[in-house]
Number of protein chains: 2
Amino acid sequence: MGASARPGAAPAASFDAFGAKSAQYKPHEVVFYEGDPADRIFEVARGTIMLFKLLPDGRRQVVEVLRTGDIFGIPNGDEQDCTAETLTDARVNMLDLTQVEGSPAIQRQLTRCLVAQMQSLHEHAVLLGRKSATERVASFLMHLVPDRGTNACAGPVDESNDTRQVKLHMTRQEIADYLGLTIETVSRVISDLKRRGVISVERNDEIRLNKVCAVCQLTGRH
Amino acid sequence: MGASARPGAAPAASFDAFGAKSAQYKPHEVVFYEGDPADRIFEVARGTIMLFKLLPDGRRQVVEVLRTGDIFGIPNGDEQDCTAETLTDARVNMLDLTQVEGSPAIQRQLTRCLVAQMQSLHEHAVLLGRKSATERVASFLMHLVPDRGTNACAGPVDESNDTRQVKLHMTRQEIADYLGLTIETVSRVISDLKRRGVISVERNDEIRLNKVCAVCQLTGRH
DNA sequence: CGGAAGGTTGAGGAACCTCAAGCATGGTGG
DNA sequence: CCACCATGCTTGAGGTTCCTCAACCTTCCG
(Lines give C-alpha, C1' and ligand atoms only; values in the text may rest on other atoms or scores of the structure.)
Protein backbone atom coordinates (compact mmCIF):
# COMPACT_ATOMS: atom_id res chain seq x y z
CA MET A 1 0.00 0.00 0.00
CA GLY A 2 2.24 2.81 -1.18
CA ALA A 3 1.83 6.47 -0.42
CA SER A 4 2.06 7.51 -4.03
CA ALA A 5 -1.67 7.76 -4.54
CA ARG A 6 -2.51 9.03 -1.07
CA PRO A 7 -4.09 12.43 -0.84
CA GLY A 8 -2.24 14.47 1.70
CA ALA A 9 0.86 12.29 1.61
CA ALA A 10 4.07 14.09 2.31
CA PRO A 11 6.28 15.37 -0.47
CA ALA A 12 9.40 13.36 -1.05
CA ALA A 13 12.47 13.41 1.12
CA SER A 14 11.37 16.28 3.29
CA PHE A 15 13.68 15.59 6.20
CA ASP A 16 16.63 16.63 4.11
CA ALA A 17 15.82 20.17 5.06
CA PHE A 18 16.20 19.38 8.75
CA GLY A 19 19.75 18.09 8.57
CA ALA A 20 18.92 14.41 8.83
CA LYS A 21 21.54 11.70 8.53
CA SER A 22 20.88 9.28 5.72
CA ALA A 23 21.87 5.77 4.70
CA GLN A 24 21.91 3.72 1.51
CA TYR A 25 20.58 0.19 1.19
CA LYS A 26 20.54 -2.55 -1.41
CA PRO A 27 17.42 -4.66 -2.02
CA HIS A 28 16.54 -7.01 0.85
CA GLU A 29 18.67 -5.38 3.47
CA VAL A 30 17.30 -4.96 6.97
CA VAL A 31 17.09 -1.38 8.27
CA PHE A 32 16.17 -2.55 11.77
CA TYR A 33 14.76 -5.62 13.46
CA GLU A 34 11.69 -6.00 15.61
CA GLY A 35 12.94 -5.53 19.17
CA ASP A 36 15.80 -3.19 18.23
CA PRO A 37 16.05 -0.09 20.39
CA ALA A 38 13.86 2.67 18.98
CA ASP A 39 15.33 6.12 19.40
CA ARG A 40 15.01 7.82 16.04
CA ILE A 41 12.48 8.30 13.32
CA PHE A 42 13.05 7.14 9.75
CA GLU A 43 11.88 8.43 6.41
CA VAL A 44 11.99 6.76 3.03
CA ALA A 45 13.98 9.18 0.89
CA ARG A 46 14.02 6.88 -2.13
CA GLY A 47 12.89 3.33 -2.86
CA THR A 48 10.44 0.92 -1.26
CA ILE A 49 10.55 -0.59 2.21
CA MET A 50 8.37 -3.16 3.90
CA LEU A 51 7.56 -3.56 7.58
CA PHE A 52 6.74 -7.03 8.81
CA LYS A 53 6.10 -8.97 12.00
CA LEU A 54 6.82 -12.61 12.73
CA LEU A 55 5.03 -15.11 14.91
CA PRO A 56 7.22 -17.50 16.91
CA ASP A 57 6.44 -20.40 14.57
CA GLY A 58 7.64 -18.45 11.55
CA ARG A 59 4.40 -17.14 10.12
CA ARG A 60 5.04 -13.69 8.72
CA GLN A 61 2.77 -10.74 8.05
CA VAL A 62 3.95 -7.79 6.01
CA VAL A 63 2.04 -4.94 7.65
CA GLU A 64 3.07 -1.98 5.51
CA VAL A 65 4.75 -1.29 2.22
CA LEU A 66 6.29 2.17 2.28
CA ARG A 67 7.27 4.46 -0.54
CA THR A 68 9.17 7.70 -0.88
CA GLY A 69 8.00 10.23 1.69
CA ASP A 70 6.62 7.72 4.17
CA ILE A 71 7.96 7.65 7.72
CA PHE A 72 8.46 4.64 9.96
CA GLY A 73 10.11 3.30 13.07
CA ILE A 74 8.73 6.00 15.35
CA PRO A 75 9.29 4.93 18.94
CA ASN A 76 6.46 4.04 21.27
CA GLY A 77 8.00 2.49 24.25
CA ASP A 78 11.63 1.75 23.40
CA GLU A 79 11.55 -1.14 20.98
CA GLN A 80 10.71 -1.43 17.31
CA ASP A 81 7.46 -3.35 16.83
CA CYS A 82 8.31 -4.46 13.27
CA THR A 83 11.28 -5.42 11.16
CA ALA A 84 12.02 -2.99 8.32
CA GLU A 85 13.51 -4.44 5.14
CA THR A 86 14.17 -2.83 1.78
CA LEU A 87 12.48 -4.16 -1.34
CA THR A 88 14.51 -2.07 -3.76
CA ASP A 89 17.62 0.04 -3.65
CA ALA A 90 16.74 2.66 -1.09
CA ARG A 91 17.89 5.70 0.78
CA VAL A 92 16.62 6.32 4.30
CA ASN A 93 16.76 9.55 6.29
CA MET A 94 17.12 9.31 10.05
CA LEU A 95 16.21 12.03 12.48
CA ASP A 96 16.97 12.15 16.15
CA LEU A 97 14.01 12.14 18.50
CA THR A 98 15.11 15.34 20.16
CA GLN A 99 15.12 17.12 16.82
CA VAL A 100 11.55 16.05 16.24
CA GLU A 101 10.32 17.20 19.62
CA GLY A 102 11.76 20.62 19.03
CA SER A 103 10.30 21.31 15.62
CA PRO A 104 6.61 22.07 15.11
CA ALA A 105 7.18 21.84 11.36
CA ILE A 106 8.37 18.25 11.63
CA GLN A 107 5.58 17.46 14.08
CA ARG A 108 2.96 18.67 11.63
CA GLN A 109 4.42 16.68 8.80
CA LEU A 110 4.70 13.64 11.03
CA THR A 111 1.03 13.87 11.86
CA ARG A 112 0.07 14.16 8.21
CA CYS A 113 2.15 11.09 7.33
CA LEU A 114 0.85 9.04 10.23
CA VAL A 115 -2.77 9.76 9.43
CA ALA A 116 -2.26 8.83 5.79
CA GLN A 117 -0.53 5.58 6.74
CA MET A 118 -3.24 4.83 9.25
CA GLN A 119 -5.87 5.06 6.53
CA SER A 120 -3.82 2.66 4.44
CA LEU A 121 -3.79 0.28 7.39
CA HIS A 122 -7.57 0.58 7.68
CA GLU A 123 -7.94 -0.26 4.03
CA HIS A 124 -5.57 -3.17 4.45
CA ALA A 125 -7.54 -4.49 7.41
CA VAL A 126 -10.59 -4.68 5.16
CA LEU A 127 -8.52 -6.58 2.62
CA LEU A 128 -7.16 -9.04 5.17
CA GLY A 129 -10.40 -9.50 7.05
CA ARG A 130 -13.01 -9.52 4.34
CA LYS A 131 -11.68 -9.95 0.80
CA SER A 132 -11.28 -13.08 -1.32
CA ALA A 133 -7.92 -14.10 -2.77
CA THR A 134 -8.76 -12.60 -6.17
CA GLU A 135 -9.95 -9.37 -4.60
CA ARG A 136 -6.74 -9.15 -2.59
CA VAL A 137 -4.47 -9.58 -5.59
CA ALA A 138 -6.53 -7.16 -7.67
CA SER A 139 -6.41 -4.58 -4.86
CA PHE A 140 -2.66 -5.08 -4.58
CA LEU A 141 -2.17 -4.47 -8.29
CA MET A 142 -4.40 -1.40 -8.24
CA HIS A 143 -2.38 0.14 -5.45
CA LEU A 144 0.61 0.10 -7.76
CA VAL A 145 -1.21 2.30 -10.24
CA PRO A 146 -0.83 5.96 -9.24
CA ASP A 147 -4.16 7.77 -8.72
CA ARG A 148 -6.21 4.61 -9.05
CA GLY A 149 -7.15 1.96 -6.52
CA THR A 150 -7.64 4.52 -3.79
CA ASN A 151 -10.87 6.19 -2.85
CA ALA A 152 -9.95 9.07 -5.07
CA CYS A 153 -9.83 7.00 -8.26
CA ALA A 154 -9.37 9.32 -11.20
CA GLY A 155 -10.97 6.86 -13.63
CA PRO A 156 -9.50 6.02 -16.99
CA VAL A 157 -7.98 8.97 -18.79
CA ASP A 158 -8.49 7.37 -22.17
CA GLU A 159 -11.19 4.68 -22.19
CA SER A 160 -9.86 2.86 -25.22
CA ASN A 161 -6.27 2.68 -24.05
CA ASP A 162 -6.66 2.01 -20.34
CA THR A 163 -3.60 -0.19 -19.95
CA ARG A 164 -0.71 0.08 -17.56
CA GLN A 165 2.47 -1.71 -16.67
CA VAL A 166 3.41 -2.02 -13.00
CA LYS A 167 6.57 -3.18 -11.27
CA LEU A 168 5.90 -5.27 -8.19
CA HIS A 169 9.31 -5.06 -6.46
CA MET A 170 8.18 -8.08 -4.40
CA THR A 171 8.55 -11.83 -4.72
CA ARG A 172 5.48 -14.06 -4.65
CA GLN A 173 6.36 -14.94 -1.07
CA GLU A 174 6.42 -11.30 -0.02
CA ILE A 175 3.16 -10.61 -1.80
CA ALA A 176 1.60 -13.63 -0.10
CA ASP A 177 2.80 -12.45 3.31
CA TYR A 178 1.43 -9.00 2.57
CA LEU A 179 -1.97 -10.25 1.45
CA GLY A 180 -2.40 -12.93 4.08
CA LEU A 181 -2.27 -15.77 1.53
CA THR A 182 0.15 -18.54 0.57
CA ILE A 183 2.60 -18.27 -2.28
CA GLU A 184 0.67 -20.93 -4.20
CA THR A 185 -2.61 -19.06 -3.94
CA VAL A 186 -1.01 -15.84 -5.17
CA SER A 187 0.50 -17.72 -8.07
CA ARG A 188 -2.80 -19.38 -8.94
CA VAL A 189 -4.72 -16.10 -8.87
CA ILE A 190 -2.16 -14.44 -11.11
CA SER A 191 -2.31 -17.37 -13.52
CA ASP A 192 -6.08 -17.15 -13.52
CA LEU A 193 -6.12 -13.42 -14.24
CA LYS A 194 -3.64 -14.09 -17.03
CA ARG A 195 -5.86 -16.82 -18.46
CA ARG A 196 -8.83 -14.46 -18.36
CA GLY A 197 -6.83 -11.86 -20.29
CA VAL A 198 -7.07 -9.24 -17.54
CA ILE A 199 -3.31 -9.03 -17.07
CA SER A 200 -0.13 -10.07 -18.84
CA VAL A 201 2.98 -11.15 -16.99
CA GLU A 202 5.91 -9.55 -18.77
CA ARG A 203 8.47 -10.60 -16.20
CA ASN A 204 8.01 -12.18 -12.80
CA ASP A 205 7.84 -8.85 -11.06
CA GLU A 206 6.42 -6.85 -13.94
CA ILE A 207 2.76 -7.09 -14.84
CA ARG A 208 0.69 -5.37 -17.47
CA LEU A 209 -2.88 -4.52 -16.52
CA ASN A 210 -4.51 -4.85 -19.93
CA LYS A 211 -7.53 -2.92 -18.81
CA VAL A 212 -7.02 -1.11 -15.54
CA CYS A 213 -10.77 -0.73 -15.06
CA ALA A 214 -11.28 -4.47 -15.37
CA VAL A 215 -8.77 -5.09 -12.58
CA CYS A 216 -10.42 -2.38 -10.51
CA GLN A 217 -13.76 -4.18 -10.89
CA LEU A 218 -12.21 -7.20 -9.19
CA THR A 219 -11.07 -5.41 -6.06
CA GLY A 220 -14.38 -5.73 -4.22
CA ARG A 221 -14.82 -1.97 -4.01
CA HIS A 222 -17.40 -1.95 -6.85
CA MET B 1 -7.55 -3.67 20.78
CA GLY B 2 -7.96 -1.10 23.49
CA ALA B 3 -5.41 1.47 24.49
CA SER B 4 -5.57 0.58 28.11
CA ALA B 5 -2.56 -1.71 28.03
CA ARG B 6 -0.52 0.29 25.57
CA PRO B 7 2.75 1.65 26.78
CA GLY B 8 2.93 5.33 25.98
CA ALA B 9 -0.80 5.70 25.49
CA ALA B 10 -2.18 9.07 26.38
CA PRO B 11 -3.70 9.73 29.75
CA ALA B 12 -7.46 9.92 29.77
CA ALA B 13 -9.49 12.84 28.49
CA SER B 14 -6.59 15.13 27.90
CA PHE B 15 -8.34 17.47 25.49
CA ASP B 16 -10.42 18.81 28.31
CA ALA B 17 -7.57 21.11 29.13
CA PHE B 18 -7.69 22.66 25.69
CA GLY B 19 -11.29 23.81 25.83
CA ALA B 20 -12.71 21.09 23.61
CA LYS B 21 -16.42 20.72 22.98
CA SER B 22 -17.78 17.38 24.04
CA ALA B 23 -20.80 15.19 23.30
CA GLN B 24 -22.58 12.29 25.01
CA TYR B 25 -23.64 9.09 23.26
CA LYS B 26 -25.65 6.01 24.08
CA PRO B 27 -24.50 2.53 22.99
CA HIS B 28 -24.65 1.95 19.22
CA GLU B 29 -24.94 5.56 18.21
CA VAL B 30 -23.00 6.80 15.20
CA VAL B 31 -20.52 9.61 15.85
CA PHE B 32 -19.85 10.09 12.14
CA TYR B 33 -20.21 8.14 8.92
CA GLU B 34 -17.60 7.20 6.38
CA GLY B 35 -17.71 10.00 3.82
CA ASP B 36 -18.78 12.69 6.29
CA PRO B 37 -16.81 15.93 6.05
CA ALA B 38 -13.71 15.72 8.24
CA ASP B 39 -12.79 19.00 9.87
CA ARG B 40 -12.15 18.19 13.52
CA ILE B 41 -10.33 15.66 15.62
CA PHE B 42 -12.08 13.47 18.16
CA GLU B 43 -11.01 11.95 21.42
CA VAL B 44 -12.65 9.24 23.49
CA ALA B 45 -13.21 10.87 26.87
CA ARG B 46 -15.11 7.90 28.26
CA GLY B 47 -16.41 4.62 26.91
CA THR B 48 -15.59 2.44 23.92
CA ILE B 49 -15.93 3.28 20.24
CA MET B 50 -15.38 1.21 17.11
CA LEU B 51 -14.34 2.34 13.65
CA PHE B 52 -15.49 0.25 10.71
CA LYS B 53 -15.52 0.23 6.94
CA LEU B 54 -18.10 -1.31 4.63
CA LEU B 55 -17.73 -2.86 1.21
CA PRO B 56 -20.50 -2.11 -1.29
CA ASP B 57 -21.98 -5.61 -0.91
CA GLY B 58 -22.36 -5.17 2.83
CA ARG B 59 -19.26 -6.93 4.13
CA ARG B 60 -18.01 -5.05 7.16
CA GLN B 61 -14.62 -4.82 8.81
CA VAL B 62 -14.20 -3.26 12.23
CA VAL B 63 -10.75 -1.71 11.91
CA GLU B 64 -10.23 -0.29 15.41
CA VAL B 65 -11.74 -0.55 18.85
CA LEU B 66 -10.94 2.62 20.80
CA ARG B 67 -10.89 3.24 24.53
CA THR B 68 -10.56 6.26 26.76
CA GLY B 69 -7.70 8.47 25.64
CA ASP B 70 -7.64 7.32 22.03
CA ILE B 71 -8.12 9.82 19.24
CA PHE B 72 -9.86 9.31 15.91
CA GLY B 73 -11.41 10.99 12.90
CA ILE B 74 -8.33 13.04 12.08
CA PRO B 75 -8.77 14.47 8.60
CA ASN B 76 -6.61 13.41 5.68
CA GLY B 77 -8.24 14.84 2.65
CA ASP B 78 -11.68 16.05 3.63
CA GLU B 79 -13.72 12.93 4.24
CA GLN B 80 -13.87 10.40 7.05
CA ASP B 81 -12.50 7.05 5.91
CA CYS B 82 -14.45 5.04 8.52
CA THR B 83 -17.74 5.11 10.35
CA ALA B 84 -17.42 5.66 14.11
CA GLU B 85 -20.00 4.01 16.34
CA THR B 86 -20.19 3.74 20.11
CA LEU B 87 -20.17 0.33 21.78
CA THR B 88 -21.00 1.63 25.25
CA ASP B 89 -22.23 4.85 26.76
CA ALA B 90 -19.56 7.31 25.74
CA ARG B 91 -18.38 10.87 25.89
CA VAL B 92 -16.38 12.29 23.00
CA ASN B 93 -14.27 15.44 22.95
CA MET B 94 -14.01 17.38 19.70
CA LEU B 95 -11.29 19.80 18.86
CA ASP B 96 -11.17 22.17 15.92
CA LEU B 97 -8.39 21.60 13.41
CA THR B 98 -7.13 25.14 13.80
CA GLN B 99 -6.69 24.63 17.53
CA VAL B 100 -4.56 21.57 16.84
CA GLU B 101 -2.33 23.29 14.33
CA GLY B 102 -1.62 26.06 16.81
CA SER B 103 -0.62 23.92 19.77
CA PRO B 104 2.64 22.00 19.93
CA ALA B 105 1.40 20.32 23.11
CA ILE B 106 -1.59 18.85 21.30
CA GLN B 107 0.60 17.93 18.35
CA ARG B 108 2.95 15.96 20.55
CA GLN B 109 0.14 14.12 22.22
CA LEU B 110 -1.45 13.47 18.86
CA THR B 111 1.74 11.87 17.61
CA ARG B 112 2.03 9.67 20.67
CA CYS B 113 -1.56 8.47 20.26
CA LEU B 114 -1.21 7.85 16.55
CA VAL B 115 1.95 5.80 16.93
CA ALA B 116 0.35 3.68 19.65
CA GLN B 117 -2.73 3.08 17.52
CA MET B 118 -0.58 2.27 14.53
CA GLN B 119 1.16 -0.48 16.49
CA SER B 120 -2.24 -1.87 17.42
CA LEU B 121 -3.11 -1.89 13.74
CA HIS B 122 0.11 -3.76 12.97
CA GLU B 123 -0.74 -6.35 15.57
CA HIS B 124 -4.24 -6.62 14.19
CA ALA B 125 -2.91 -7.12 10.66
CA VAL B 126 -1.01 -10.15 11.93
CA LEU B 127 -4.20 -11.43 13.49
CA LEU B 128 -6.25 -10.94 10.33
CA GLY B 129 -3.61 -12.19 7.93
CA ARG B 130 -2.04 -15.08 9.76
CA LYS B 131 -3.97 -16.34 12.76
CA SER B 132 -6.48 -19.18 13.05
CA ALA B 133 -10.00 -18.63 14.36
CA THR B 134 -9.08 -19.86 17.84
CA GLU B 135 -5.97 -17.69 17.92
CA ARG B 136 -8.03 -14.67 16.90
CA VAL B 137 -10.62 -15.14 19.63
CA ALA B 138 -7.95 -15.82 22.25
CA SER B 139 -6.05 -12.69 21.18
CA PHE B 140 -9.27 -10.70 21.36
CA LEU B 141 -9.96 -11.88 24.89
CA MET B 142 -6.39 -11.18 26.01
CA HIS B 143 -6.61 -7.62 24.77
CA LEU B 144 -9.41 -7.07 27.23
CA VAL B 145 -7.11 -7.95 30.13
CA PRO B 146 -5.11 -4.90 31.18
CA ASP B 147 -1.31 -5.41 31.07
CA ARG B 148 -1.61 -8.81 29.37
CA GLY B 149 -1.97 -9.75 25.73
CA THR B 150 0.40 -7.02 24.64
CA ASN B 151 4.11 -7.37 24.10
CA ALA B 152 4.66 -6.10 27.59
CA CYS B 153 2.81 -8.95 29.25
CA ALA B 154 3.25 -8.69 32.96
CA GLY B 155 2.66 -12.41 33.52
CA PRO B 156 0.43 -13.78 36.22
CA VAL B 157 0.61 -11.88 39.46
CA ASP B 158 -0.51 -14.90 41.43
CA GLU B 159 0.07 -18.20 39.62
CA SER B 160 -2.56 -20.13 41.54
CA ASN B 161 -5.34 -17.60 41.08
CA ASP B 162 -4.75 -16.37 37.55
CA THR B 163 -8.40 -15.82 36.66
CA ARG B 164 -10.10 -12.76 35.28
CA GLN B 165 -13.53 -11.63 34.20
CA VAL B 166 -13.80 -9.43 31.11
CA LYS B 167 -16.69 -7.50 29.62
CA LEU B 168 -16.81 -7.66 25.84
CA HIS B 169 -19.07 -4.69 25.09
CA MET B 170 -19.59 -6.22 21.66
CA THR B 171 -22.13 -8.57 20.08
CA ARG B 172 -20.97 -11.77 18.37
CA GLN B 173 -21.52 -10.01 15.03
CA GLU B 174 -19.27 -7.11 16.01
CA ILE B 175 -16.59 -9.47 17.28
CA ALA B 176 -16.81 -11.44 14.05
CA ASP B 177 -16.47 -8.27 11.96
CA TYR B 178 -13.51 -7.22 14.09
CA LEU B 179 -11.73 -10.58 13.80
CA GLY B 180 -12.49 -11.22 10.13
CA LEU B 181 -14.68 -14.24 10.91
CA THR B 182 -18.38 -15.10 10.76
CA ILE B 183 -20.69 -14.93 13.73
CA GLU B 184 -21.04 -18.73 13.68
CA THR B 185 -17.31 -19.31 13.83
CA VAL B 186 -16.93 -16.92 16.77
CA SER B 187 -19.75 -18.72 18.54
CA ARG B 188 -18.24 -22.13 17.86
CA VAL B 189 -14.79 -21.10 19.09
CA ILE B 190 -16.26 -19.67 22.29
CA SER B 191 -18.28 -22.86 22.83
CA ASP B 192 -15.15 -24.90 22.27
CA LEU B 193 -13.07 -22.89 24.76
CA LYS B 194 -15.94 -23.27 27.21
CA ARG B 195 -16.02 -27.03 26.64
CA ARG B 196 -12.28 -27.19 27.21
CA GLY B 197 -12.70 -25.34 30.50
CA VAL B 198 -10.50 -22.44 29.46
CA ILE B 199 -13.26 -19.86 29.82
CA SER B 200 -16.71 -19.58 31.37
CA VAL B 201 -19.48 -17.54 29.81
CA GLU B 202 -21.18 -15.70 32.64
CA ARG B 203 -23.38 -13.59 30.40
CA ASN B 204 -23.35 -13.17 26.63
CA ASP B 205 -20.95 -10.26 26.82
CA GLU B 206 -19.17 -11.26 30.00
CA ILE B 207 -16.57 -13.98 30.01
CA ARG B 208 -14.38 -15.40 32.72
CA LEU B 209 -10.88 -16.47 31.72
CA ASN B 210 -10.38 -19.33 34.15
CA LYS B 211 -6.65 -19.28 33.63
CA VAL B 212 -5.42 -16.18 31.86
CA CYS B 213 -2.14 -17.87 30.96
CA ALA B 214 -3.99 -20.73 29.26
CA VAL B 215 -5.83 -18.27 27.05
CA CYS B 216 -2.58 -16.45 26.35
CA GLN B 217 -1.05 -19.73 25.17
CA LEU B 218 -3.74 -19.90 22.49
CA THR B 219 -3.04 -16.51 20.94
CA GLY B 220 -0.28 -17.72 18.62
CA ARG B 221 2.30 -15.48 20.25
CA HIS B 222 3.85 -18.39 22.19
C1' DC C 1 -47.76 -15.76 26.73
C1' DG C 2 -45.76 -14.32 22.48
C1' DG C 3 -42.52 -11.98 19.83
C1' DA C 4 -38.01 -10.02 18.86
C1' DA C 5 -33.20 -10.04 19.06
C1' DG C 6 -29.15 -12.32 19.78
C1' DG C 7 -26.77 -16.68 20.17
C1' DT C 8 -25.87 -21.75 19.31
C1' DT C 9 -25.54 -25.96 16.74
C1' DG C 10 -25.46 -29.07 12.71
C1' DA C 11 -24.76 -30.58 7.87
C1' DG C 12 -22.72 -29.72 3.74
C1' DG C 13 -19.81 -27.09 0.61
C1' DA C 14 -16.34 -23.69 -1.00
C1' DA C 15 -12.10 -21.48 -0.61
C1' DC C 16 -7.80 -21.76 0.57
C1' DC C 17 -3.81 -24.41 2.42
C1' DT C 18 -0.42 -28.29 2.33
C1' DC C 19 2.53 -31.28 0.19
C1' DA C 20 4.86 -32.64 -3.77
C1' DA C 21 6.53 -32.50 -8.32
C1' DG C 22 7.91 -30.04 -12.30
C1' DC C 23 9.09 -25.74 -14.92
C1' DA C 24 11.57 -21.22 -16.03
C1' DT C 25 15.28 -18.05 -15.48
C1' DG C 26 19.74 -16.56 -14.60
C1' DG C 27 24.30 -17.15 -13.09
C1' DT C 28 28.70 -20.03 -12.75
C1' DG C 29 32.26 -22.79 -14.18
C1' DG C 30 34.22 -26.29 -17.09
C1' DC D 1 29.00 -22.38 -25.45
C1' DC D 2 26.63 -25.39 -22.82
C1' DA D 3 25.91 -28.33 -18.69
C1' DC D 4 24.80 -27.58 -14.11
C1' DC D 5 22.81 -25.62 -10.22
C1' DA D 6 20.13 -22.37 -7.37
C1' DT D 7 16.29 -19.70 -6.84
C1' DG D 8 11.83 -18.53 -7.65
C1' DC D 9 7.47 -19.71 -9.77
C1' DT D 10 3.71 -22.79 -11.36
C1' DT D 11 0.63 -26.62 -11.28
C1' DG D 12 -1.84 -30.64 -9.41
C1' DA D 13 -4.09 -33.64 -5.89
C1' DG D 14 -5.94 -33.96 -1.63
C1' DG D 15 -7.08 -32.19 2.97
C1' DT D 16 -8.54 -28.61 6.46
C1' DT D 17 -10.57 -24.72 7.93
C1' DC D 18 -13.92 -21.80 7.78
C1' DC D 19 -18.25 -20.27 5.52
C1' DT D 20 -23.20 -20.87 4.20
C1' DC D 21 -27.67 -22.11 5.07
C1' DA D 22 -31.02 -23.58 8.13
C1' DA D 23 -33.06 -24.85 12.33
C1' DC D 24 -33.40 -24.23 17.07
C1' DC D 25 -32.45 -22.24 21.65
C1' DT D 26 -32.28 -18.39 25.26
C1' DT D 27 -33.20 -14.13 27.18
C1' DC D 28 -35.65 -10.22 27.64
C1' DC D 29 -39.60 -7.44 27.51
C1' DG D 30 -44.15 -5.89 26.55
Side-chain angles (χ1 to χ4, degrees), chain A residues 26-28 50 55 57-62 85 87-88 127-141 167-196 199-207 218 220, chain B residues 26-28 50 55 57-62 85 87-88 127-141 167-196 199-207 218 220:
Chain A
K26 292 206 174 23
H28 295 104
M50 65 173 171
L55 289 174
D57 62 2
R59 283 176 287 179
R60 181 173 77 159
Q61 180 65 43
V62 174
E85 190 177 311
L87 292 171
T88 63
L127 181 149
L128 293 172
R130 289 295 177 223
K131 290 192 180 179
S132 71
T134 304
E135 288 170 338
R136 293 181 201 204
V137 172
S139 301
F140 172 70
L141 292 174
K167 194 144 174 48
L168 310 186
H169 297 304
M170 294 171 90
T171 65
R172 296 288 184 272
Q173 186 61 66
E174 286 157 354
I175 296 170
D177 288 344
Y178 184 41
L179 302 182
L181 300 169
T182 59
I183 186 173
E184 295 94 334
T185 298
V186 171
S187 186
R188 274 186 252 272
V189 170
I190 289 175
S191 294
D192 185 50
L193 294 179
K194 204 165 55 179
R195 213 170 301 122
R196 288 155 68 180
I199 64 171
S200 311
V201 179
E202 324 259 271
R203 296 162 76 261
N204 268 344
D205 74 335
E206 220 167 302
I207 287 183
L218 296 172
Chain B
K26 292 206 175 25
H28 295 103
M50 66 174 170
L55 289 173
D57 62 3
R59 282 176 288 179
R60 181 172 77 158
Q61 180 65 44
V62 174
E85 190 178 310
L87 291 171
T88 63
L127 181 149
L128 293 173
R130 289 293 177 225
K131 289 191 180 178
S132 71
T134 302
E135 288 171 337
R136 293 181 200 203
V137 172
S139 302
F140 172 70
L141 291 174
K167 193 144 173 51
L168 310 186
H169 297 304
M170 295 170 88
T171 65
R172 296 289 184 271
Q173 185 61 66
E174 285 157 355
I175 296 170
D177 288 344
Y178 184 40
L179 302 182
L181 300 169
T182 59
I183 186 173
E184 294 96 334
T185 299
V186 171
S187 185
R188 273 186 252 271
V189 170
I190 289 177
S191 294
D192 185 50
L193 294 179
K194 204 165 52 180
R195 213 170 302 122
R196 288 156 66 181
I199 63 172
S200 311
V201 179
E202 323 260 271
R203 296 163 76 261
N204 269 342
D205 74 335
E206 219 165 302
I207 287 183
L218 296 172

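Given the structure is predicted, the values throughout are model-derived calculations rather than measurements. In what follows, chains are A, B, ... by sequence order, proteins preceding strands, each numbered from 1.
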Under the side chain to side chain donor-acceptor pair (under 3.5 Å) rule, collect the residues that match up with [X], sequence neighbours excluded.
| X | value |
| --- | --- |
| R130(B) | D177(A) |
| R59(A) | D57(A), E135(B) |
| R195(B) | none |
| S200(A) | N210(A) |

Extract, from 5' to 3' on DNA chain C, the first and final nucleotides lying under 4.0 angstrom from some heavy atom of chain B.
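Listed 5' to 3', the contact boundaries are dG7(C) to dA11(C).
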Calculate the interatomic distance between [X] atom [atom1] and [N] atom [atom2]; express it in whole Å.
| X | N | atom1 | atom2 | result |
| --- | --- | --- | --- | --- |
| E174(A) | dC9(D) | CD | C1' | 14 Å |
| D192(A) | dG12(D) | CG | C1' | 15 Å |
| Q173(A) | dT10(D) | CD | C1' | 14 Å |

Sugar-phosphate atoms are those with a prime plus P, OP1 and OP2; base atoms are the rest. Using that split, label each nucleotide of nucleotides 18-26 of chain D B, S or - for protein heavy atoms under 4.0 Å, 5' to 3'.
SSBB-----
Which residues share a side-chain contact (heavy atoms from CB on, under 4.5 Å) with [X], sequence neighbours left out:
| X | value |
| --- | --- |
| T182(A) | E184(A), T185(A) |
| N204(B) | R172(B) |
| T171(A) | Q173(A), E174(A) |

Working for salt bridge (charged side-chain N to carboxylate O under 4.0 Å, His left out), residues R188(B) and D192(B):
CA-CA 6 Å; R188(B) 273 186 252 271; D192(B) 185 50; over 6 Å; no
Base, sugar-phosphate or nothing for S191(A)? Non-hydrogen atoms, less than 4.0 Å.
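Sugar-phosphate contact only - S191(A) comes under 4.0 Å of backbone atoms but never of a base.
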